[in-house]
Enquirer: 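Mind looking over this structure? Questions follow.
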Amino acid sequence: MTLEQNIFERAKVDWHKLLTYGFKKSGSEWVYCKTFMNGEFKAVVKINKSGYVSGDVFEIDSDDVYFPLRVESMAQGFAGEVRTEYESILKDIKKN
């Protein structure tokens, strides 16, 4: 199960609040982008028309996906800090 699935497992999308929160419609998906960790990373969260939430974290300098976020054995140290910040973004989306 992904981080997104864990957080949004029992949640239901309130489609009317997405635009107010900062999501933008892109094709058949709603997309939200937010930089974090002093502008070093960018979270991109997507919600498809079925309400499935997915996301990625990108390193701003290289625009590459930050893969250590998904590696359980790297949950400590810097990768753990990035994961914690990303989870906070996801939880705020769920709450609001």
Enquirer: What do the steps show when you test Lys25 against Leu19 for side chain to side chain contact (heavy atoms under 4.5 Å, CB included), and what is the final call?
Expert: CA-CA 8 Å; Lys25 185 82 166 143; Leu19 192 59; over 6 Å; no
Enquirer: For the atom pair CD1 (Ile93) and NZ (Lys34), what is the distance rounded to the nearest 0.5 Å?
Expert: 8.5 Å
Enquirer: Would you check if there is a donor-acceptor pair between the side chains of Glu4 and Tyr86 at a distance under 3.5 Å?
Expert: yes
Enquirer: Taking all non-hydrogen atoms of both residues into account, name the closest pair between Trp15 and Lys49 and its distance.
Expert: CZ2-O, 3.8 Å
Enquirer: How close do Ile60 and Gly39 get, heavy atom to heavy atom, and via which atoms?
Expert: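 Scanning both residues, the minimum pair turns out to be CG1-O, 3.1 Å.
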Enquirer: May I ask you to test the Leu3-Leu69 pair for a side-chain heavy-atom distance under 4.5 Å?
Expert: yes
Enquirer: How many angstroms lie between CD1 in Ile89 and OG1 in Thr35, if you round to the nearest 0.5 Å?
Expert: 8.5 Å
Enquirer: Check whether any side-chain heavy atom of Ile47 lies under 4.5 Å from a side-chain heavy atom of Phe8, and answer yes or no.
Expert: no
Enquirer: For the backbone of Thr2 and the side chain of Arg70, can you confirm whether one donor and one acceptor N or O come within less than 3.5 Å of each other?
Expert: no
Enquirer: Determine whether a donor-acceptor pair (N or O, by modelled atom type, separation under 3.5 Å) exists between the side chain of Lys94 and the backbone of Ile7.
Expert: yes
Enquirer: Using links of under 4.5 Å between side-chain heavy atoms of ILVMFWY residues, direct or through other members, which residues join Val31 in one cluster?
Expert: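 Val44, Phe58, Val65, Phe67, all in the cluster of Val31.
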Enquirer: Would you say CD of Glu9 has more than 12 non-hydrogen atoms from neighbouring residues, nucleotides or ligands within 6.0 angstrom?
Expert: yes
Enquirer: Answer yes or no: does atom CG of Asn96 have more than 12 heavy-atom neighbours from other residues, nucleotides or ligands under 6.0 Å?
Expert: yes
Enquirer: From Tyr52 OH over to Lys46 NZ, what is the distance, rounded to the nearest 0.5 angstrom?
Expert: 12.0 Å
Enquirer: Would Val71 and Phe78 show up in the same hydrophobic cluster when neighbours are defined by side-chain heavy atoms closer than 4.5 Å?
Expert: no
Enquirer: Rounded to the nearest 0.5 Å, how far does CD of Glu29 lie from OG of Ser50?
Expert: 10.5 Å
Enquirer: Would one find more than 12 heavy atoms of other residues, nucleotides or ligands at under 6.0 Å from atom NZ of Lys95?
Expert: no
Enquirer: Taking all heavy atoms of Met1 and all of Asn6, pick out the closest pair and write down the distance.
Expert: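 Shortest heavy-atom separation between Met1 and Asn6 comes out as SD-OD1, 2.8 Å.
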Enquirer: Can you say whether the rings of Tyr66 and Phe41 are parallel (under 30°), tilted (30 to 60°) or perpendicular (over 60°)?
Expert: perpendicular
Enquirer: Test your reading of the model: is there a side-chain donor-acceptor pair from Asn38 to the backbone of Glu40, 3.5 Å cut-off?
Expert: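 Pair absent, no side-chain N/O of Asn38 close to backbone of Glu40.
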